[in-house]
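Keep in mind that the numbers below use all heavy atoms, side chains included, and drop hydrogens, waters and symmetry copies.
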Amino acid sequence: MSEYKVKFEVFEGPLDLLLYLIKEEEVDIYEVNLTKLATQFIEYIEMMREFDLEIAGEFLVMASTLMYIKSRELLPVDQRAETEEDEEGADPRWELIRQLVEYKKFKDVAAQLQVLEERQEGIFPRVPGKLEFENTAPVPKPDVSIFDLLNAVNNVLKRFEKRDGTRDIFEDKWTVSEKIEYIIRILSSHEAIRFSELFEDAMSRSEVVCTFLALLELIRLKQLICAQSEDFGEIEIRKRPTSVVVPVAPETPHLTPGTSS
Amino acid sequence: MELKYILESLLFSAQKPLSPAELREVFANAAEQEDADATVKSLKKIKEGELNTALEQLAQDHEAAGRSYRVVCVAGSWQFVTQPEFAPWLKALVGVKARPTRLSQPSLETLAIIAYRQPLTRAEIEQIRGVNVDGVMQTLMERGLVEATGRAEVVGRPSLYGTTTLFLEYFGLKGLEDLPAADELRKIVVVKPPSSPVTADADLATSPPEQLQMPEGGEQKSEAGAPAA
Amino acid sequence: MELKYILESLLFSAQKPLSPAELREVFANAAEQEDADATVKSLKKIKEGELNTALEQLAQDHEAAGRSYRVVCVAGSWQFVTQPEFAPWLKALVGVKARPTRLSQPSLETLAIIAYRQPLTRAEIEQIRGVNVDGVMQTLMERGLVEATGRAEVVGRPSLYGTTTLFLEYFGLKGLEDLPAADELRKIVVVKPPSSPVTADADLATSPPEQLQMPEGGEQKSEAGAPAA
């Protein structure tokens, strides 16, 4: 089973997934329709469940919060006010938006830190040759431990693997829509395809992520079905028999996974 | 002899970045030398304020000159560094700068939260990120970018975390005030666990809506999340 | 980008004076790097005449700027030097009890390689690290952590290096068998220099074709480079 244990850590957490969904809707966080968002979020969770993917507890907690908000929205306004405010008097819907706004700011600033990180790689400090005056001071003892040495070993190993590998270390920019087309193309010539086969040629984590999102998207658009012939057997993906033709273009998200800002 | 040129020659010849304290030590030691002349002696007890002014001036000089290097202050110590656009040739000269692998997205996010909000507890970080941060915290601590700085005066006395000097060095920052958009991010009010004896749910405190500044004041009362049709 | 600034950044960062021949080598090596851009490639075969003109210009620039240092040519090699009037402070700088200096990351890595693989030649170290280790080796030898232990019985009889007793003391090790996680590092395969006189085609071994295969449809995108901000 390990080959399709694509964890949903694609999204770093429920907030990340929510920001992605909001971005897809192209609305401001403050304007977002939480009821719709709740539905979409829960759909994703359901799909994860269908794939037997490991769903982190935080996603489930968020799902229940969203369910609560959704159910609350469905009540007439006059019945809502007193009864549904939680003990602390905070509006859960407001609290969620506050959290999303805050998280988004940190996500943005993390991107700026990343730019600084990359920039730093190209900055070299001047380390001049040693000055030569008579009787120089004794060489000071280096401030390192055996752990620094071990770390250095690991760095060598990592870089060695990178250099030695034939694979590109740069992040490939895949789009979900390309992958959607790819899956459709395969299924137009094959009756069915095994889940693991879809990822066989993947070159990078980001490609796996895009393929996976494409798959979810196609399932959501009811283009595909997934089947498992026996318990713990390989999942098979096949076209939905009475497929209605749904255009691919408008709804396909373009994203680089992990940066949904 | 102008102070800034003396400082320049020191930064220029030093094997490592120099802090104002170390620079003052140099001036003091120089004045102790047998052959010290009047100028050298006159600078024996140079004030840190004077040093800092001259160092800032020096950095500006080099910025204005627009050559291939600059004088910068990283984590409180001053040094000469080259401009990034010369990296291709410098790599060929001194070898690829051995840096640990780049930080992952979760690490960067967590680090950003700690940098702007320190000191804070793990629970507070998790409240902002919405996920468990155990693994990420371990990585950040192992890499020496984050450290425990004390304990919060709340039930359980959880550890408080902050960034290290290495963090500043890693990102080439002068200090925490040098963080991008620092003001804006600190403005969002985060509710700290109460510092008085607390009830069991101390960590669950959430900010009341008023504390978050909204573009328009009344909006939070409106039906932003109107039921879907 | 002006040639003289590139040269400036190189002289500025080099630990020793550089001759035009060495500088040309840097330009050639820079152009070989995987990520070399058009500018870097265009300077691959820079003419010595051009270099000399730019170096002269650089020396004049710094003469005119009248700062605390100059660019000079001594015995055919170029370097930055400080002006003599700053000597009193520079002497004091050398005498300042430095905080224990950290071994740089390149030094540590090189030291690790030597510790685990000794005795080995400089070429073998460079093969593992992927970069020139001249400067680093000098530092490690000066610090007494590494020493030449003999000569390899191969063409050219290059020196073999190993760690010293001081190395063990620094790291608090009883002996080399005390080094942590030794197996993994020893696993890296290094091609030893041929131990017998070589035949002409020894170096022509080609990679098997399967190493070149790329899954269809992917590769043209991988050049895009920078991850989205």
Side-chain angles (χ1 to χ4, degrees), chain B residues 1-2 4-16 18-19 21-33 35-37 39-41 43 58 61-62 65-69 77 80-100 102 105 166, chain C residues 1-2 4-10 12-15 18 22-23 25-33 35-37 39-40 43 61-62 65-69 80 82-83 85-99 101-102 104-106 108-109 129-133 135-136:
Chain B
M1 195 161 338
E2 245 188 290
K4 71 173 178 184
Y5 288 121
I6 303 174
L7 292 169
E8 184 182 70
S9 72
L10 288 169
L11 298 184
F12 187 84
S13 307
Q15 298 276 320
K16 63 182 190 61
L18 295 173
S19 68
E22 288 165 327
L23 286 165
R24 288 184 69 198
E25 203 182 327
V26 171
F27 282 102
N29 289 353
E32 295 294 320
Q33 291 171 111
D35 53 353
D37 66 14
T39 316
V40 176
K41 282 183 176 148
L43 291 168
L58 193 59
D61 282 7
H62 286 285
R67 305 200 68 93
S68 61
Y69 48 81
S77 290
F80 271 102
V81 296
T82 53
Q83 291 286 91
E85 59 262 41
F86 301 96
W89 296 279
L90 293 172
K91 275 187 211 161
L93 177 71
V94 300
V96 174
K97 212 171 154 188
R99 286 194 117 210
R102 288 187 189 171
Q105 201 62 29
L166 188 63
Chain C
M1 195 160 338
E2 245 188 288
K4 72 172 177 184
Y5 288 122
I6 302 174
L7 291 169
E8 184 182 70
S9 73
L10 288 170
F12 193 79
S13 304
Q15 298 215 354
L18 295 174
E22 287 167 321
L23 287 165
E25 202 178 320
V26 170
F27 282 99
N29 290 344
E32 294 295 322
Q33 290 173 114
D35 52 353
D37 66 14
T39 314
V40 177
L43 292 169
D61 281 7
H62 286 285
R67 304 201 68 91
S68 62
Y69 47 81
F80 270 99
T82 42
Q83 293 289 87
E85 60 263 40
F86 301 97
W89 294 280
L90 296 178
K91 275 186 203 163
L93 174 69
V94 174
V96 165
K97 274 178 237 77
R99 286 174 296 186
T101 35
R102 291 187 70 84
S104 68
Q105 199 61 29
L108 272 171
E109 288 185 15
R129 284 210 61 222
V131 293
N132 178 296
V133 295
V136 173

Would you give the length of the straight line joining atom CG of C/Asp37 to atom CD of B/Glu85, rounded to the nearest 0.5 angstrom?
11.5 Å
Measuring heavy-atom distances to chain B, does C/Leu23 have an atom under 4.5 Å in its side chain, in its backbone, in both, or in neither?
neither
Where does C/Ala14 contact chain B at under 4.5 Å (heavy atoms): side chain, backbone, both or neither?
both
With a 4.5 Å heavy-atom cut-off, do B/Thr39 and B/Lys41 have their side chains touching?
no
Got a sec, which residues hit salt bridge (Lys or Arg N to Asp or Glu O under 4.0 Å) with C/Glu25, two or more places apart in sequence or on another chain?
none
Top contributor to chain C interface from B/Val81, B/Thr82, B/Asp61 [non-hydrogen pairs under 4.5 Å]:
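Winner by heavy-atom pair count: B/Asp61.
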Among the options B/Glu32, B/Gln83, B/His62, pick out the one with the most heavy-atom pairs lying under 4.5 Å from chain C.
B/His62
As an exercise: rank C/Asn29, C/Leu10, C/Val136 by heavy-atom pairs under 4.5 Å with chain B and give me the winner.
C/Leu10
Give, as side chain, backbone, both or neither, the part of B/Gln33 having an atom under 4.5 angstrom from any heavy atom of chain C.
side chain
Heavy-atom proximity to chain C below 4.5 Å, by part of B/Asp35:
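Looking at B/Asp35, just its side chain touches chain C.
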Return the orientation label for the C/Tyr69 and B/Phe12 ring planes: parallel under 30°, perpendicular over 60°, tilted otherwise.
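If you compare the ring of C/Tyr69 with that of B/Phe12, the planes turn out parallel.
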Identify, with sequence neighbours excluded, every residue that meets side-chain contact (heavy atoms from CB on, under 4.5 Å) alongside C/Gln15.
A/Val127
Nearest non-hydrogen partners of C/Ala30 and B/Ala92, listed with the distance
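The answer is N-CB, 3.6 Å.
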